[in-house]
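Have a look at the structure below, then the notes.
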Amino acid sequence: CPSTKLQEAFAKGLLKPGLNVAVEEEKKTANNVDGLKLCLADFRKDLPWVERLDLTNPPAVDVVAKAEGKQAVAAGEEVNAEDDFQREMFFYRQAQATVLDALPKLQKLNIRTKRPEDYFAEMAKTDQHMQKVRQKLIQKQQIMEKSEKAKKLREQRKYGKKVQVEVLQNRQKQKKALMSAVKKYQKGMTDKLDFLDGDQEKPKNSTAAPKTRMSKKGPNAKRKFKDQKFGFGGKKSGSKWNTKESHNDVSGFRARIAHGKGKNATGKGKRGNKRPGKDARRKMKGRK
């Protein structure tokens, strides 16, 4: 057995590296020209061109490249196989030239090249199967439309929330500005009541006044009559306002009255007419 012989040779140390080299046999090539010609004669059949429809054409003229002023690859020139666009365009132009040569030949042989209008081909699928395919396509289209609508609604909601936040922020700013103006007026820092007219900020790049303001050129007749009768209001005399001297003057302070111990005291210790409780009032009504 060859395996046992190899094992014995390995045990004796006869097998060493470099002794066993695989030798490939040379392939024998045969160029039998006569046999190839006989096979070619068997393959070749003397049939008319209509049965073969074979054409060998150079590529057609590149009209697009000619119109754009580019230099196209001529028929005798070699095409760069690495350039995908140039190679595919060469195939396309060659197919164009073949069609231009084949159509006149087919028309001479009275062979139709266009499908008639009343031509009905046999369907590979049944009508029921095609209806299922149609329903599937419609369902997919509806799902896509729903997803697009939902996406638009989400975007609109985000935009609406953004606008709402901006409106609330503007309201807070206006309220804060109004409160600060009121405080300034109360402290006597200003005597103007313009903040009561609303927003005084005019929009930028806007020269036209609102319609309400344009129509009111002055006070109406009722306002004029009241101003004539009662006066124009304005700043008060300030007789009840506290001053530095009145604050430091404690001559009128009475401790007994202030702490509710005097005769006319009305402080915490003394209470006026106390209102009876709810239960007592109910009993009083029952007595009547």
Side-chain angles (χ1 to χ4, degrees), residues 20-159:
N20 300 316
V21 179
V23 179
E24 295 181 359
E25 296 181 359
E26 294 182 1
K27 292 182 179 180
K28 295 180 180 180
T29 57
N31 187 15
N32 190 357
V33 179
D34 297 333
L36 291 173
K37 287 182 179 180
L38 289 173
C39 291
L40 182 61
D42 292 337
F43 291 153
R44 183 179 294 169
K45 293 181 179 179
D46 191 8
L47 296 174
W49 179 81
V50 180
E51 300 293 336
R52 292 183 283 110
L53 296 177
D54 56 340
L55 285 171
T56 304
N57 302 83
V61 179
D62 195 350
V63 182
V64 178
K66 191 175 181 181
E68 293 178 355
K70 298 179 182 178
Q71 187 176 3
V73 180
E77 297 181 7
E78 292 184 359
V79 180
N80 185 11
E82 301 297 330
D83 190 350
D84 295 339
F85 182 76
Q86 189 180 7
R87 185 180 66 247
E88 294 299 327
M89 282 301 297
F90 191 85
F91 292 156
Y92 177 73
R93 287 164 53 207
Q94 192 173 14
Q96 281 182 328
T98 304
V99 170
L100 292 173
D101 286 350
L103 283 176
K105 290 184 178 181
L106 292 171
Q107 289 173 0
K108 285 182 180 180
L109 296 171
N110 295 325
I111 296 174
R112 293 182 179 181
T113 57
K114 292 183 179 180
R115 188 177 66 184
E117 294 180 358
D118 58 347
Y119 177 78
F120 293 98
E122 186 179 356
M123 300 296 292
K125 304 287 184 180
T126 60
D127 293 340
Q128 294 177 355
H129 181 83
M130 295 307 294
Q131 285 293 333
K132 287 182 181 179
V133 173
R134 184 172 178 273
Q135 289 176 1
K136 276 281 186 183
L137 293 174
I138 292 172
Q139 189 176 2
K140 285 183 179 179
Q141 188 177 1
Q142 289 176 353
I143 292 170
M144 291 288 290
E145 289 177 356
K146 285 182 180 179
S147 63
E148 288 292 330
K149 286 182 180 178
K151 188 176 179 182
K152 288 180 180 179
L153 284 173
R154 285 195 295 270
E155 291 178 356
Q156 289 176 359
R157 285 173 185 170
K158 287 180 181 178
Y159 181 73

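Keep in mind that the numbers below use all heavy atoms, side chains included, and drop hydrogens, waters and symmetry copies. Small disclaimer: the values here were computed from a predicted structure and weren't measured.
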Decide side-chain contact (heavy atoms from CB on, under 4.5 Å) for Leu106 and Leu53; before the verdict, give the C-alpha distance in whole Å, the side-chain angles of both, and the deciding distance to 0.1 Å. CA-CA 10 Å; Leu106 292 171; Leu53 296 177; 4.1 Å; yes
Once rounded to the nearest 0.5 Å, what's the spacing between atom [atom1] of [X] and atom [atom2] of [Y]?
{"X": "Tyr92", "Y": "Phe85", "atom1": "OH", "atom2": "CZ", "result": "11.0 Å"}
{"X": "Cys39", "Y": "Asn32", "atom1": "SG", "atom2": "CG", "result": "8.5 Å"}
{"X": "Asn57", "Y": "Thr98", "atom1": "CG", "atom2": "OG1", "result": "4.0 Å"}
{"X": "Met89", "Y": "Asp83", "atom1": "CE", "atom2": "CG", "result": "11.5 Å"}
{"X": "Lys108", "Y": "Leu103", "atom1": "NZ", "atom2": "CG", "result": "12.5 Å"}
{"X": "Gln156", "Y": "Lys152", "atom1": "CD", "atom2": "NZ", "result": "8.5 Å"}

Looking only at heavy atoms, what is the nearest atom pair of Lys105 and Leu55, with distance?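 Lys105 and Leu55 have their closest heavy atoms at NZ-CD2, 3.7 Å.
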Scanning both residues in full, the closest heavy-atom pair of Pro58 with Ala97 reads O-CB, 3.2 Å
Listed by chain and number, what are the salt bridge (charged side-chain N to carboxylate O under 4.0 Å, His left out) partners of Asp54, not counting sequence neighbours? Arg52
If you define the side chain from C-beta out and look only at heavy atoms, does anything of Gln142 sit under 4.5 Å from Ile138? yes
Any side-chain heavy-atom pair from Glu155 and Lys151 closer than 4.5 angstrom?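 Yes; the side chains approach each other to less than 4.5 Å.
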Could you pull out all residues at least two apart from Leu40 that satisfy side chain to side chain contact (heavy atoms under 4.5 Å, CB included)? Arg44
The side chain to side chain contact (heavy atoms under 4.5 Å, CB included) partners of Arg112 (sequence neighbours excluded) come to none
Could you tell me whether Asp84 and Arg87 make a salt bridge, using a distance below 4.0 angstrom between a side-chain N and a carboxylate O?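 Salt bridge: yes.
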Just by modelled atom types, is the Pro59 backbone N or O under 3.5 Å from a matching donor or acceptor in the Gln96 side chain?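 Not confirmed, Gln96 side chain does not pair with Pro59 backbone.
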Tell me whether the count of non-hydrogen atoms from other residues, nucleotides or ligands lying under 6.0 Å of NZ in Lys132 goes above 12.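 12 or below, so no.
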Over 12 non-hydrogen atoms of neighbours within 6.0 angstrom of CD in Glu82: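 Counting other residues, nucleotides and ligands, CD of Glu82 stays at 12 neighbours or fewer.
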Under the side-chain contact (heavy atoms from CB on, under 4.5 Å) rule, what do Leu38 and Leu36 come out as? Steps first, then yes or no, please. CA-CA 5 Å; Leu38 289 173; Leu36 291 173; over 6 Å; no
